[in-house]
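Each remark here refers to the structure printed beneath this line.
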Number of protein chains: 2
Amino acid sequence: MFSIGELSRATGVKVPTIRYYEGAGLLAPEERTEGNQRRYGRAGLERLQFIAHGRELGLSLEAIRHLLELSDRGRDCTDAHLIARRHLEETRARIARLQRLETELARLSEVCDHGPGEPCGLIAALGDHGQCLGEH
Amino acid sequence: MFSIGELSRATGVKVPTIRYYEGAGLLAPEERTEGNQRRYGRAGLERLQFIAHGRELGLSLEAIRHLLELSDRGRDCTDAHLIARRHLEETRARIARLQRLETELARLSEVCDHGPGEPCGLIAALGDHGQCLGEH
DNA sequence: TCTTGAAGCTCTAGTCGCTAGAGGTCCTAT
DNA sequence: ATAGGACCTCTAGCGACTAGAGCTTCAAGA
């Protein structure tokens, strides 16, 4: 049986976050001590690792909840693959978007050929979308 | 003089968001009508465009507030370039991180060679960080 | 067995950047 | 004069935590 602190050290998930996950209906302790402290078993540890790993991969708690249900029910994992696939697509879209921003930012931080007393090109460019090359 | 709705249409920023920016100390209307409605001038419009553009570039309101102060004070824009540069670095780091996730997700959504009744490889992999190839 | 102090408990509120809704007032065109 | 769209303020909610107050419990050493 693990205390919440042991679970925290074992997974790298902070104690208040574990309690938060419990409130969010993702992870309940197997039992409580007489004094009302949480005690987890191996299953709890693994479940928390599952959650933590999903979060590292950028999945929402919503998506993780869904995956946990599928995992609890076992069998058909079509939905699980759908979730992973959808998340992969979102990730790709976010990468593409960030890359456009990167280009823009790189350009912006170069633009500053103003002489003494003249306004800064960077600040001017920030106010004027028309100076941008692409979409963002 | 523009009403808040006109400003909204001109910039694409929603009305409640403009009010939120005001609460956040980024943008105040030049004046109010007798009936307490906000009225903005050209300066207000440009300031909002500045904010909106900064947000599109993913800058925090904090960073934008800072840039606005620099712009208001004019002259030395070293700090402005620092902000832009730091944000560019953050953006690059986020891209790199997302790309590692992309690889992992792509791999994950392929892994599912389980026979009928056997547990799904995807769900197992989600619980076990050790199966990952890289860092994330 | 007692004591101490780290670790646990619950509850509330704050973070960021909005968004939605309630319930009321104002402005403007007909 | 009136209708109704646009405006006002205020409060609460989102997601995923984080921080703090004020209290209780547990475990190890004396």
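The sequence lines fix the lettering, A, B, ..., with proteins before strands; numbering per chain opens at 1. This is a predicted model, so every value here is computed, not measured.
Checked for salt-bridge contact, Glu89(A) and Arg92(A) miss the test: no charged N lies under 4.0 Å from a carboxylate O. Looking at Glu6(B) and Arg9(B), no side-chain N of the basic residue comes within less than 4.0 Å of a carboxylate O on the acidic one, giving no salt bridge.
Between its two ends, the helix from dT1(C)-dA30(D) to dT30(C)-dA1(D) turns its axis by 10°, counting five pairs per end and rounding to 10 degrees.
Placement of Leu7(B) and Leu61(B) within a single hydrophobic cluster is found when ILVMFWY residues are connected by side-chain heavy-atom separations under 4.5 Å, directly or transitively.
If you take CD1 of Ile4(B) and C1' of dG5(D), they are 15 Å apart, rounded to a whole angstrom. Taking atom CZ of residue Phe2(B) and atom P of nucleotide dC7(D), one finds them 14 Å apart after rounding to whole Å. The CZ-C1' distance, from Arg19(A) to dA13(C), rounds to 16 Å in whole Å. One interatomic measurement links the two molecules: CE of Met1(A) to C1' of dA27(D), which rounds to 18 Å at whole-angstrom precision. A straight line from CD of Glu34(A) to P of dG8(C) spans 18 Å, rounded to a whole angstrom. Here the C1' atom of nucleotide dC26(C) and the CZ atom of Arg32(B) are 13 Å apart, to the nearest Å. Counting to the nearest Å, the C1' atom of dC9(C) and the CD1 atom of Ile18(A) are 14 Å from each other. A straight line from CD of Gln37(B) to C1' of dT25(C) spans 8 Å, rounded to a whole angstrom.
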Please list, pair by pair, any protein nitrogen or oxygen found under 3.5 Å from a nitrogen or oxygen in nucleotides 16-19 of chain D.
| from | atom 1 | to | atom 2 | distance (Å) |
| --- | --- | --- | --- | --- |
| dA16(D) | OP2 | Leu61(A) | N | 3.4 |
| dA16(D) | N7 | Tyr20(A) | OH | 3.3 |
| dC17(D) | OP2 | Tyr21(A) | OH | 2.9 |
| dC17(D) | OP2 | Arg55(A) | NE | 2.9 |
| dT18(D) | OP2 | Thr17(A) | OG1 | 2.9 |

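Taking CG of Leu67(A) as the reference point, atom NE2 of His81(A) lies at 10.0 Å (rounded to 0.5 Å). Considering CD1 of Ile18(A) and OG1 of Thr11(A), their distance stands at 5.0 Å, rounded to 0.5 Å. The CD1 atom of Ile64(A) sits 8.5 Å away from the CG atom of Leu57(A) when rounded to the nearest 0.5 Å.
Side-chain contact between Pro29(A) and Glu22(A): present, with at least one pair of heavy atoms (C-beta onward) separated by less than 4.5 Å. Looking at heavy atoms from C-beta onward, Glu31(B) lies out of side-chain contact with Tyr40(B) at the 4.5 angstrom threshold. The closest side-chain heavy-atom distance from Arg55(A) to Phe50(A) is not below 4.5 Å.
At least one side-chain nitrogen or oxygen of Thr33(A) sits closer than 4.0 Å to the OP1 or OP2 atom of dC26(D). Within the 4.0 Å cut-off from OP1 or OP2 of dG15(D), not a single side-chain nitrogen or oxygen of Arg65(A) is found. A close approach under 4.0 Å does not occur between any side-chain nitrogen or oxygen of Arg39(B) and OP1 or OP2 of dA6(D).
Within 4.0 Å (heavy atoms only), Arg9(B) reaches no atom of the nucleic acid at all.
Nearer the 5' end of DNA chain D, as judged by each residue's closest nucleotide, is the contact made by Asn36(B), out of Asn36(A) and Asn36(B).
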